[in-house]
Amino acid sequence: MEIENSSGLSVKVRPQEEESLSSFIIRVARSNGAGIHWFMNNYRSSNSDHIKTSDISRLDFYPNNVLNIELVEQHLCLEKGSLRELSFQNILMKFKGEGKPESSRFMKGVIRKYLHYCPACLSEGDYYSLLWRIETIHFCFKHRTHLISMCNSCNRPINYNSIRQIGCCPYCESKLARENRDSEVIDLDSLSEEFRIREILKELLSTKPFNFDSKDIAMRILYVSSKDEVSNDFYERIGIQKNYLLQFARDSMTYKRSIHLDTIIRFLCEVNLSFEEFIRIDVPKKYEERILDGDKSKNSNEYFCQAPWCSFYLQAGSLEFTGTSTKIKGGRKLICYMYCSECGCEYAIYEDALIERSYFIKGYLSMKVENISQLSLREMCTITGLTVSQNRRLLAYLNCRGLIGEYSYIYDDQLVAHFVNALKAGVRISNIVKWTSWKNEGHYLTYRYHARVMQALNMKKKIQPDRKNKNGVEHMLSEICWSLIQSEVKITNDEIYNALGITVQTLRKWGFHEYIKEMKYKQKMLQRRKRIEDWMGRIEKFFCEEWKNDMEMKVIYERLNLSQSYLCGFAPEVNVLIKERSLGISPGGKTDIQ
């Protein structure tokens, strides 16, 4: 069939309620007798080059980068802008700020790569819901049942990139639809939070115009949470730290970022607000000014090093910020982590006062009047109030600066340089401590607290690993397991850990150990089936080319390089085949005619 752009599409398909755009385009192409690949290229946008069939899943994210949506609407006689509601484009446009909506990380990790579906919905309507693509949506409220995450026939998760037909598994071609009578019915009272999430998402998907940036969102969240006393874990529950929100509100980030959609939704659920109510919040000018002025409260020039032996002692501006803004230590809230680049002592602000985070000044002052050369570590603990381990480190620190003893420690400059270069190259201190260069712990500690080494440690950027999303890990885990099966690599905990970057303990905590166990068993069964098929082929070839009527069974097994006793337990059907073929019985159960 040829589709003439001037005459439109002969079959006018209408989108279903909550249908995804990818589902709709598949239905439109099929109804008009066109292939998906040809149809998408015929309607591709000016931003697209040649489109692949796998690009079908991109339609649900930002369709304007793939198809000329306005032209499709025109040829289907649909209201202008109606197809955008079948994708997440409206959400991205509302929160894009100054950046390009298609480049926004606002919904990173929220959109599923693998189909979750309700079989009962598919039996009633031949389409996929857009909300099924959201990671936090796990239930069908219409049929009060869990969404299914894989094909019931082949047990494979269905990648959206592979979908070519609605309601059909792209791998085994089985039908996904079925009636609801066998499904487990869910108590709706237990799903109140997910119901609220669905309602919020529907509000965001609507065409109602507004434009928010992260500064507006952060200021509103801070204001709402300030009106009522919130619990200590409030910000943890909504998925963001208060200091991070303050950076958004003050627009003080080095690199532009967006407050994540998941954080906004969790906040609205936590404080029981609709999104309509959220955007109507009017933040008082005085509150906004107080938030913005708070950014000017701390300056490192106001503080100075307090180590008596340091050449920067009591000099204003001698401390530098580490980049850590807030931590809770021993029940105390420490802010503005700082260090002295000269002596390496570490500081923080607690209740507007500068305190030492290291213990070198405390230890030095407590031992200053003592002859520590005659003291044991246990006796030093009584004097300093520090642990044995802390006193070992204190002695190493003081010794390498010549603050104790009659002579200064003589360093191997090459080893110091090696230590410093390793830190600059990103080598972990936990690996450096294992070097064979060290004679003992004291030898390592003396180099660990060398001034140049401490400077390199303090200047070293702390690279935080990407936070793993549980739902995202679930899909990655599935993909990795199937990849290992297809590449015939044994599924082990180490293989999974190396691929995911997540410990087995975390996977167990998240409840994935049963799935891993199941996939290990599945791989074992597939390997067993493959071995048996290989043996069967070898047996058939043997009886066609090498077998003789007078051959004994022992000789047959030797020629086949198989063990009859092993096969009795592992694959008795192979023994049956060998016996049948030796008796001249074909695999179909008929006696061969000689």
Side-chain angles (χ1 to χ4, degrees), residues 1-107 110-111 125-134 160-161 163-166 201-213 258 261:
M1 165 195 174
E2 287 191 9
I3 298 177
E4 295 292 340
N5 286 347
S6 58
S7 59
L9 296 162
S10 57
V11 180
K12 309 301 186 198
V13 182
R14 291 290 178 270
Q16 300 291 330
E17 185 179 1
E18 297 184 6
E19 183 173 12
S20 69
L21 185 56
S22 61
S23 167
F24 178 70
I25 292 299
I26 290 173
R27 290 198 304 113
V28 171
R30 183 187 62 191
S31 299
N32 284 275
I36 300 168
H37 181 260
W38 185 90
F39 182 93
M40 289 177 65
N41 273 284
N42 193 62
Y43 281 98
R44 70 175 182 267
S45 73
S46 58
N47 299 328
S48 300
D49 294 325
H50 187 75
I51 295 176
K52 305 184 293 293
T53 312
S54 59
D55 288 330
I56 188 74
S57 66
R58 292 173 55 204
L59 293 176
D60 297 335
F61 181 67
Y62 196 79
N64 277 14
N65 274 358
V66 184
L67 295 186
N68 186 337
I69 295 299
E70 290 75 15
L71 186 60
V72 177
E73 289 171 341
Q74 178 185 333
H75 287 183
L76 288 172
C77 302
L78 295 173
E79 183 181 349
K80 187 176 180 180
S82 60
L83 291 187
R84 273 178 30 186
E85 293 189 48
L86 308 185
S87 74
F88 299 115
Q89 183 168 330
N90 281 342
I91 297 181
L92 294 170
M93 292 294 291
K94 291 169 182 175
F95 296 97
K96 69 181 181 67
E98 297 176 358
K100 294 181 179 180
E102 62 267 36
S103 303
S104 172
R105 298 168 65 87
F106 174 72
M107 295 187 70
V110 170
I111 303 174
D126 191 22
Y127 68 94
Y128 294 146
S129 169
L130 179 63
L131 292 180
W132 291 350
R133 293 214 65 170
I134 299 291
Y160 271 98
N161 290 340
I163 294 173
R164 303 290 180 269
Q165 185 177 344
I166 305 300
L201 286 168
K202 287 179 183 178
E203 284 186 87
L204 295 177
L205 288 167
S206 71
T207 53
K208 185 171 182 179
F210 66 85
N211 194 309
F212 264 14
D213 61 17
S258 299
L261 174 63

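When reading the values below, keep in mind they use all heavy atoms of this one structure, side chains included, and skip hydrogens, waters and symmetry mates.
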At their closest point, which heavy atom of [X] faces which heavy atom of [Y], and how far apart are they?
X: Leu131; Y: Lys202; answer: CD1-CE, 4.2 Å
X: Leu78; Y: Val13; answer: CD2-O, 4.3 Å
X: His75; Y: Tyr43; answer: ND1-OH, 2.7 Å
X: Tyr127; Y: Arg27; answer: CB-NE, 4.0 Å
X: Arg58; Y: Asn65; answer: NH2-O, 3.8 Å
X: Tyr128; Y: Ser23; answer: N-OG, 3.0 Å

Does the side chain of [Y] come within less than 4.5 Å of [X]'s, by heavy atoms?
X: Ile134; Y: Val110; answer: yes
X: Leu92; Y: Phe61; answer: yes
X: Asp60; Y: Leu21; answer: yes

Can you tell me how far the [atom1] atom of [X] sits from the [atom2] atom of [Y], to the nearest 0.5 Å?
X: Leu204; Y: Asn90; atom1: CG; atom2: CG; answer: 10.0 Å
X: Leu261; Y: Ile111; atom1: CG; atom2: CD1; answer: 9.0 Å
X: Ser20; Y: Phe88; atom1: OG; atom2: CZ; answer: 8.5 Å
X: Arg44; Y: Ile51; atom1: CZ; atom2: CD1; answer: 6.5 Å
X: Gln16; Y: Leu130; atom1: CD; atom2: CG; answer: 14.0 Å
X: Asn161; Y: Asp55; atom1: CG; atom2: CG; answer: 8.0 Å

Quick one: does [X]'s side chain have a donor or acceptor within less than 3.5 Å of a partner on [Y]'s backbone?
X: His37; Y: Ser54; answer: no
X: Ser87; Y: Arg84; answer: yes
X: Asn42; Y: Trp38; answer: no

Point to revise | Exceeds 12 heavy-atom contacts within 6.0 angstrom, atom NZ of Lys52 | key: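 No, NZ of Lys52 has 12 or fewer neighbouring heavy atoms, counting only those of other groups under 6.0 Å.
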Check your understanding: By side chain to side chain contact (heavy atoms under 4.5 Å, CB included), which residues pair with Asn64, not counting sequence neighbours?
Key ->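 Once residues adjacent in sequence are excluded, the partners of Asn64 under the side chain to side chain contact (heavy atoms under 4.5 Å, CB included) criterion are Tyr62, Ile69, Glu70, Gln89.
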Review point. Hey, are Asp126 and Arg30 close enough for a salt bridge, meaning a charged N less than 4.0 Å from a carboxylate O?
Key: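 Looking at Asp126 and Arg30, the cut-off is met.
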